[in-house]
Number of protein chains: 2
Amino acid sequence: MRDPEQTRQNILEVSADEIHRKGFTATSLSCILKRCEISKGALYHHFANKMELGYAVFEEVYAPAFIALWQPPVETEDPIQGLSDFFSSMSKEMSCDELVCGCPLNNLCQEMSGVDEGFRIRILAMQQQLNLLIATNLSRVSSQLQPDLDFSQVAYFIVSTFHGSSSLSKSSLNKELFDKVIKELCRYMQQLKR
Amino acid sequence: MRDPEQTRQNILEVSADEIHRKGFTATSLSCILKRCEISKGALYHHFANKMELGYAVFEEVYAPAFIALWQPPVETEDPIQGLSDFFSSMSKEMSCDELVCGCPLNNLCQEMSGVDEGFRIRILAMQQQLNLLIATNLSRVSSQLQPDLDFSQVAYFIVSTFHGSSSLSKSSLNKELFDKVIKELCRYMQQLKR
DNA sequence: AGTTTAACCGACCGGTAGGTCGGTTGCAAA
DNA sequence: TTTGCAACCGACCTACCGGTCGGTTAAACT
C-alpha cells in the first residue's frame, strides 16, 4: 500500500502542474493536497516547507524536462532548421491552453527571480546552460553561418524572443500573435546562414 | 489642508511603484497606506476595491507613461535608428534596480492576463496600440526597408524580444545579458534596411 | 452660525495562507 | 510476536490579506 517514493513523485508532479498554471505564490498547498489525496502531514514529511518543494519541482521536474525539450532540436545536423521546426511545431501542436501557460522557466523567472535568491540562482543556471547548449551547437556549424556572429549573443536573443512571444499570447488568448513572432524569428534565423 | 485630488494622485503613484516592483497580487494595501500615510478608509473612499485601483493605475499611470516612452523614438525620421538609440540608452542610463523591475506592461501581462479578464483586455489593447504605432511608422519609411516585410509581424517581434530581454535581466541581476540581447536586436533592425 | 456632506479614520470581520505537532498506522526487522 | 520507526493524519496556530462600517473632521454653502 504505502509507497513513499511514489507519494513524493506524485506531489512533485502535481505541484509542477499547479505552479505552471498558477505560479508559485498563487499555488496553495491545500490545493496540492486535494489533488494528491494526501494530508498536510504527508507533504511536510517529504518537504521541509513550500520553498523547498518549489526548489525540488524546479530541479527534479522542470530542469530535466527543459533540457529534454531543447536538446533534440539543437543537436540536429542543422540547428537553425532544428529550432525553426521546433518553434513552428509548437504553434501547430500545442493547444491554446497549454501555450497560454507559457514556459515554466520564464514564468518562474518573472515571478520569483526578484523575490527569492534560491530560485534566482537556479533559474540563472538553467538559462546559462541553455545558452551554452545553443551557442556551442551554432558554433559547431559556424562554417555555414555568417562571419563575425557572437553565438552566445544570438542564443540569448533567440530565447528572449521565444519567451517574449509566450508572454504575448497570454493576453491575446490565441496563437495568432505567437505565430507572428515565431514566423519572424524563423526568418531571422534563416538569415544567420551565409 | 485637505486635497482629495492630491490624495488620489498620491495613491495612484505609490500603487504604481509598488505594483511595478512587487507585482499586483504581492502588493498589499497596508503597504500602500503606510507609504501614503493615509487610512484604509481614505483609500476605499477613492477606489471601490483593489482591482479597481489596479485598473486605475494601469489606465492613468502606466498607459500614458508607456505611450510617452515609445512614441518619440518611433516617430523620428528614421524609426529603426530611433528604436536602436532608445534601446541602447536604456542599458546605459537605467540603473540595475530599475532594469530588473522590468516593463510594467509585460510584468502585468505575465501575472494578470490569465487571472483577471479586466486586466487582460486592457493589456491586450495596449499591446495592439503599441504594435500599430510601430508598424505604421515602419510602413511610413517602407521605401528604405527590405521588400515584402510584414510590419505588424516585425513590430510584434521587436517588442517580444525587448520584453524577453527584460525577463533575462531579472535572474542575472545585471545589465550584461540585457545588453547582449539588445545588441543583437539592433543588428537585426539594421538588417531590415535595404 | 448653523448645516450639510465629501473626505477621512481605524477597529473589526471572515477567509485563507503556510506551518506545527501530538497522535496513529503500517511494514519490516529482530 | 513484539518492537521500532518511517510514513502519514488532521486539528490547530499565527499572520496577513482584502474588505466593511459606524464614527469623526474639515470645509464649503446658506
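Residue numbers begin at 1 in each chain, while the letters A, B, ... track the order of the sequences.
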Between C:dA7 atom P and B:F47 atom CZ, what is the distance in whole Å? 12 Å
To the nearest 0.5 Å, what is the distance between CG on A:L132 and CZ on A:F151? 13.0 Å
Choosing from C:dC9, D:dG10, D:dA6, which nucleotide comes nearest the side chain of A:S39? D:dG10
Just how far, in rounded Å, is C1' of C:dC8 from CD of B:Q6? 15 Å
Length of the CG-P vector between A:L33 and C:dG18, whole Å: 9 Å
Please check if A:L108 and B:V115 belong to a single hydrophobic cluster, counting links between Ile, Leu, Val, Met, Phe, Trp and Tyr side chain heavy atoms closer than 4.5 Å. no
Atom-to-atom span, NZ of A:K34 to C1' of D:dG10 - whole angstrom: 14 Å
Less than 4.0 angstrom between a side-chain N/O of B:T7 and OP1 or OP2 of C:dA7, yes or no? no
Between the side chains of A:D179 and A:K183, is the shortest nitrogen-to-carboxylate-oxygen separation below 4.0 Å, so that they form an ion pair? no
I'd like to know if B:D78 pairs up with B:K193 as an ion pair, taking the criterion as any Lys NZ or Arg NE/NH1/NH2 lying under 4.0 Å from an Asp or Glu carboxylate oxygen. yes
Which is it for A:M126 and A:I67 under the side-chain contact (heavy atoms from CB on, under 4.5 Å) test, yes or no, and what are the steps along the way? CA-CA 9 Å; A:M126 190 82 258; A:I67 294 301; 3.4 Å; yes
In the 5'-to-3' direction, what one-character label does each nucleotide of nucleotides 16-24 of chain D receive under the scheme B = base within less than 4.0 Å of a protein heavy atom, S = sugar-phosphate only, - = no such atom? -SBBB----
Is the A:F66 ring parallel, tilted or perpendicular to the A:W70 ring (thresholds 30°, 60°)? tilted
Is the shortest heavy-atom distance from the side chain of B:R187 to the side chain of A:L149 under 4.5 Å? yes
If you count every heavy atom of other residues, nucleotides or ligands that lies below 6.0 Å from B:R21 atom CZ, does the total exceed 12? no
Measuring from the side chain of A:H45 (C-beta onward, heavy atoms only), which nucleotide among D:dC9, D:dA6, C:dC8 has the closest atom? D:dA6
Atom CD1 of A:I32 and atom C1' of C:dG18: how far apart are they, to the nearest Å? 11 Å
Under 4.0 Å between a side-chain N or O of A:H46 and OP1 or OP2 of D:dC8? yes
Can you list, by residue number, the residues of residues 110-122 of chain B that have a non-hydrogen atom closer than 4.0 angstrom to DNA chain C? none
Could you go through A:F86 and A:M90, starting from their C-alpha distance and side-chain angles, then the distance that decides it, and tell me whether this counts as side-chain contact (heavy atoms from CB on, under 4.5 Å)? CA-CA 7 Å; A:F86 174 58; A:M90 276 198 175; 3.5 Å; yes
Listed nucleotide nearest any side-chain atom of A:P4, set D:dC9, C:dC8, D:dA7: D:dA7
In whole Å, I'd like the distance from the CG atom of B:L43 to the P atom of C:dG10. 14 Å
Using a heavy-atom cut-off of 4.0 Å across all strands, would you classify B:I38 as base, sugar-phosphate, or nothing? sugar-phosphate
